[in-house]
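One structure is given here, and the rest of the page talks about it.
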Amino acid sequence: MNTITLIGPDFSTFVKSIELVCNYKGISYQLSLEHEGKPLAIKDDSLLQLHPYKKVPILIDGDFILPESNAIARYLEHCGGATVFDVDPQKHAHIDAWASMLSIYAFRALITDYIIEIKNPSGPNAELNFEKLKSAQPAVLNTLQTINTQLAERNFLITEQFSLADAIILPMLGYHMQLPGDLNLLAEFPNLVKYYQRISALPFCKGVLHTA
C-alpha cells in the first residue's frame, strides 16, 4: 500500500482519530491541505469535489477518494496491521456503534458546544461567553459521565485492546485535558484522566495526542 494522504488540519479531532488508527496499524500517511496542486480551505467550496458537506478528514489513496472518519477507519481495517475493531461480530458491531455515537453526540457536547466557544469566543470583544459555556456544561458533564461509566474498570473503552471507539474519543478528551481551572470539567472524572494519560503515553500516540 502506498502512503495515503489525509486531507485536513492537524487540530481536527477526527483527523487525529484517523492518524491514531494509521499509527496503530502501521500505515504510512501524510497530512495535506491541497489536492492536485490546489489549496483547500476548511468548510470552503474548494472541498466540495472531495466531500459533499465540506468536512474533513478525507482519505486519498491513489485514485480512490473517501470522506468521513468512520468510513475511512473501516477502509483502513482492510489494509492490514492490528485491528481497531474485533474478530467477534458482536464486539465489532459494539465498537462501530460507539464510534458512531461518539462522533455525533460526544463531539457536539464536548467540542462543538464547548471547546469551540473557548477557542473562538463569541462574547463582546472576542471574550469568553460564560453564559453560553454555563449552558453547555450539563451536556459536557453528562457525556463525560457516560464515557466514564462505559470505561468502568477497563483499560480501553470497549474491549481489552485499542479500538476505533478509543481513537474517536481520545482527541476530544485531549482538548479538555488542556483547559485551565473551572473550565476543565474533566478534572471531576479522575478515571478518565488516567485513561487519557495512560493511552496518550503509548508510542503510536506520539505527535498526535497532547501528553498530559
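Just so it is clear, the model here is predicted, and its values are computed rather than measured. Note that these values count all heavy atoms, side chains included, but never hydrogens, waters or copies made by symmetry.
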Exercise. Within a strict 4.5 Å, meaning less than it, do heavy atoms of the Leu170 and Tyr195 side chains meet?
Worked result: yes
Can you tell me if NZ on Lys54 sees more than 12 non-hydrogen neighbours from other groups inside 6.0 Å?
yes
*asked:* Does Tyr114 form a side chain to side chain contact (heavy atoms under 4.5 Å, CB included) with Thr143? I'd like the steps, not just the answer.
replied: CA-CA 12 Å; Tyr114 199 71; Thr143 299; over 6 Å; no
For this session: For Tyr53, look at atom OH and say whether over 12 heavy atoms of other residues, nucleotides or ligands are found less than 6.0 Å away.
Result: no
- Message: Is it the case that over 12 heavy atoms from other parts of the model lie below 6.0 angstrom from the CD atom of Glu131?
- Response: no
Value for CZ (Phe85) from CG (Leu76), rounded to nearest 0.5 Å, stands at 9.5 Å
Can you find a pair of side-chain heavy atoms, one from Ile147 and one from Phe189, that are under 4.5 Å apart? no
Under 4.5 Å between any side-chain heavy atoms of Ile18 and Leu59, yes or no?
-> no
Any donor-acceptor pair under 3.5 Å linking the side chain of His176 with the backbone of Leu110?
-> yes
* Given side chain to side chain donor-acceptor pair (under 3.5 Å), test Gln145 with Thr149 step by step and report yes or no. => CA-CA 6 Å; Gln145 181 59 65; Thr149 299; 3.1 Å; yes
Count the heavy atoms belonging to other residues, nucleotides or ligands that lie under 6.0 Å from CG of Asp44, then report whether that count exceeds 12.
-> yes
Exercise. Should we count CD of Glu127 as having more than 12 external heavy atoms under 6.0 Å?
Worked result: yes
Should Arg108 and Asp113 count as an ion pair when the cut-off is N to O under 4.0 Å?
-> no
